Protein chains: 2
Amino acid sequence: MSHTPAPTSAATPPTGTRQAQKEQSRRALLDAALRLLDHQNLSGLGVREVTREAGLSPAGFYRHFRDLDELGVTLVTEALENLHLLVRRVLAEQGEPIELIDRTIAVIARHVREYRPHIRFLARERHGGVRRVREAIAAELSVFTEETALALGALPQSAGWNEAELRMLAGLYVEHMVSTAAAFMEAPAGSRAAERRIAALARDQLHLISIGHRHWLAERPGGAEQRPPATE
Amino acid sequence: MSHTPAPTSAATPPTGTRQAQKEQSRRALLDAALRLLDHQNLSGLGVREVTREAGLSPAGFYRHFRDLDELGVTLVTEALENLHLLVRRVLAEQGEPIELIDRTIAVIARHVREYRPHIRFLARERHGGVRRVREAIAAELSVFTEETALALGALPQSAGWNEAELRMLAGLYVEHMVSTAAAFMEAPAGSRAAERRIAALARDQLHLISIGHRHWLAERPGGAEQRPPATE
DNA sequence: TCATTCAGTAAACAACTGTTTGCCGACTTC
DNA sequence: GAAGTCGGCAAACAGTTGTTTACTGAATGA
């Protein structure tokens, strides 16, 4: 019961309380929204609904966000910050391709397990009804692709690859990462068996892609100049 | 304006009118919903909103659907019927891999151009907020994967592949098809330039996967012994 | 021809929505 | 200490929502 916040002073009402309390409410709103978004869409969320879940009054919402869309964008940046950190970490690692693959999958699995609501939110809103949110996600994913392309370029298997080809491959990897994350997310919450099945599948698929990576140069289609338009 | 339904009789109020009119209203509802779903989520849609757009009274809705969810499921089956037909057609084709790739991409591009609202709906609700709809989409995609695996098994490059491996590869292809369709869909409506860019990218990615396909057996991970026998 | 079926309607229901207003009272600064 | 800042609240606003009710009138089948 004796809470003893004790950031600066001893018994007197400590400084910084004001901002801390505000931040607390903000977090409560974000968390409440995240909780509700587990079985709803952002475009179907309501201000009153969120404040009710967060234990605030409806009017309180507007002390923190102008809109629900604004809250949505905040959620996106938050979710992608985590993910971004994680991607960088994976890309910085070194070792044999097969080891990299296994570690990447393990990291994704753990991340989904830890931040499932965030991931679900991203999956849901990637093609969702709110433009600004969609664009924020797309922009961040394209950053991931760029970074992945850069990292791929540093690998010995990529000798002789031009930038467009690296981006092509990176896109494949990023897209695969996304759908693997979605698969983990969709799996029954605690089922390690399902997780292992998904991981094994993803492992083989990534392996197959990396085989394609290794043999690409020898069978590069048309030598890059005579590309016929594929559209219809 | 002269509608001339002419199913049975000639000038007298023709039989079947009743049912035809009902079907017309039903279509109006579905189309209106599809129109609204272009910038909304299913979970954010309203009965009144749909009936207003369709030109019916709110109560009229319940003559056709119990729920908005039910309408959503109808939309899913409708959209996936089209898609299913298309997938079968592509899989039945024969020729060199590179030709198959080009034709597949062309077919996807055309289909997205033709049925953009349906595709957008599928992309949006694949991880959307309505359980039954999500499940319907997932089930159908898994059927696609099975069919693709079967078709892949018939190719000469797949000699020596067991069923699990075929499904693994099929999953890769289907997932890639999905994200390619999403990319086409997200592209500015009429831009052939954007379409060509996406098509070229997808072409290279599919090509790389098919290279992986060809070299898989020689580099199968962990040899062939620590892997369950093909006869599942 | 006449009774029946039934898609579509208007009206009413209570419940809910987003947002603004004025106010309170705890924190902060001087 | 006093003055000011500002997060949170209750109340009120005008709309909207899903769904049910009892009805109308055209298509139907005998």
Side-chain angles (χ1 to χ4, degrees), chain A residues 3-33 36-37 40-74 129-130 132, chain B residues 3-33 36-37 40-72 74 129-130:
Chain A
H3 48 353
T4 60
T8 53
S9 176
T12 60
T15 176
T17 301
R18 193 72 170 267
Q19 205 167 343
Q21 278 179 348
K22 175 164 188 182
E23 180 56 28
Q24 200 175 26
S25 293
R26 198 180 125 101
R27 260 259 69 81
L29 284 171
L30 289 169
D31 289 344
L36 292 168
L37 286 169
Q40 271 191 42
N41 268 110
L42 180 60
S43 61
L45 210 61
V47 171
R48 286 186 119 104
E49 201 180 355
V50 174
T51 55
R52 200 184 308 128
E53 173 83 11
L56 259 70
S57 86
F61 177 86
Y62 299 95
R63 299 278 185 212
H64 301 273
F65 305 98
R66 178 197 319 277
D67 249 351
L68 264 174
D69 290 11
E70 194 178 295
L71 183 146
V73 173
T74 305
V130 183
R132 284 181 58 197
Chain B
H3 46 353
T4 59
T8 54
S9 177
T12 60
T15 177
T17 301
R18 193 71 171 266
Q19 206 167 342
Q21 278 180 348
K22 175 165 186 179
E23 179 55 28
Q24 199 175 27
S25 293
R26 199 179 123 101
R27 260 259 68 81
L29 284 170
L30 288 169
D31 289 344
L36 291 167
L37 286 168
Q40 270 191 43
N41 267 110
L42 180 60
S43 62
L45 209 60
V47 171
R48 286 188 119 103
E49 202 181 353
V50 174
T51 54
R52 200 182 307 128
E53 174 83 12
L56 258 72
S57 86
F61 177 87
Y62 299 95
R63 300 281 184 209
H64 301 273
F65 305 97
R66 179 198 318 278
D67 250 350
L68 263 173
D69 290 11
E70 195 178 294
L71 181 146
T74 304
V130 182

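All values derive from a computational prediction rather than experimental measurement. Just so it is clear: chains get the letters A, B, ... in the order the sequence lines come, proteins before strands, and each one is counted from 1.
Between the CD atom of A/Glu70 and the C1' atom of C/dT19 there is a distance of 15 Å, given to the nearest Å. Straight-line distance from the OH atom of B/Tyr62 to the C1' atom of D/dG18: 5 Å, rounded to whole Å. What separates CZ of B/Phe61 from C1' of C/dA7 is a distance of 15 Å, to the nearest Å. Rounded to whole Å, atom P of D/dG18 lies 12 Å from atom CG of B/Asp69. Look at CG on B/Leu56: it is 9 Å from C1' on C/dA7, rounded to the nearest Å. The CD atom of A/Glu23 sits 11 Å away from the P atom of D/dG8 (whole-angstrom rounding). D/dT17 atom P lies 10 Å from atom CD of B/Gln40, rounded to whole Å. In this structure, CG of B/Leu29 is placed 12 Å from C1' of C/dA7, rounded to the nearest angstrom.
The nearest pair of heavy atoms linking B/Gln40 to B/Glu49 is NE2-OE2, 2.5 Å. When all heavy atoms of A/Gly72 and A/Leu42 are compared, the closest pair comes out as CA-CD2, 4.0 Å. Of all the heavy atoms in A/Val50 and A/Ala32, the pair that sits closest is O-CB, 3.8 Å. When every heavy atom of A/Phe65 is checked against every heavy atom of A/Arg26, the shortest pair comes out as CE2-NH1, 3.7 Å.
One distance of note links CG of B/Leu36 with CG of B/Asn41; it measures 12.5 Å at 0.5 Å rounding. Distance check, rounded to the nearest 0.5 Å: OG1 of A/Thr51 to OH of A/Tyr62 gives 8.5 Å. For the atom pair CD (B/Glu53) and CG (B/Leu45), the distance works out to 10.0 Å, reported to the nearest 0.5 Å. Here CZ of A/Arg63 is found 13.0 Å from CG of A/Leu29. Values are rounded to the nearest 0.5 Å.
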Check the interface with nucleotides 2-6 of chain D: list each N/O to N/O pair with the protein under 3.5 Å, or write none.
residue : atom : partner : partner atom : Å
D/dT5   : O2   : A/Arg18 : NH1          : 3.1
D/dT5   : O2   : A/Arg18 : NH2          : 2.8
D/dC6   : O4'  : A/Arg18 : NH2          : 2.3
D/dC6   : O2   : A/Arg18 : NH2          : 2.9

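Residues B/Val47 and A/Gly60 both approach DNA chain D. Their nearest nucleotides, taken by heavy-atom distance, put A/Gly60 toward the 5′ side. Nearer the 5' end of DNA chain C, as judged by each residue's closest nucleotide, is the contact made by B/Ala59, out of A/Arg48 and B/Ala59. Where B/Asp67 and B/Gln19 meet DNA chain D, the nucleotide closest to each residue was compared, and B/Asp67 sits on the side nearer the 5' end.
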*Convert the base pairs of DNA chain C into dot-bracket notation, remembering that pairs crossing earlier ones are written with [ ] and that bases paired across to another strand are shown as |; include only Watson-Crick or G-U pairs under 3.5 Å.*
||||||||||||.||||.||||||||||||

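Closest to the A/Arg52 side chain, of the nucleotides C/dT17, D/dG7, C/dC27, is C/dT17.
Contact of the B/His64 side chain with the B/Glu70 side chain is not registered, since no non-hydrogen atoms from C-beta on lie closer than 4.5 Å.
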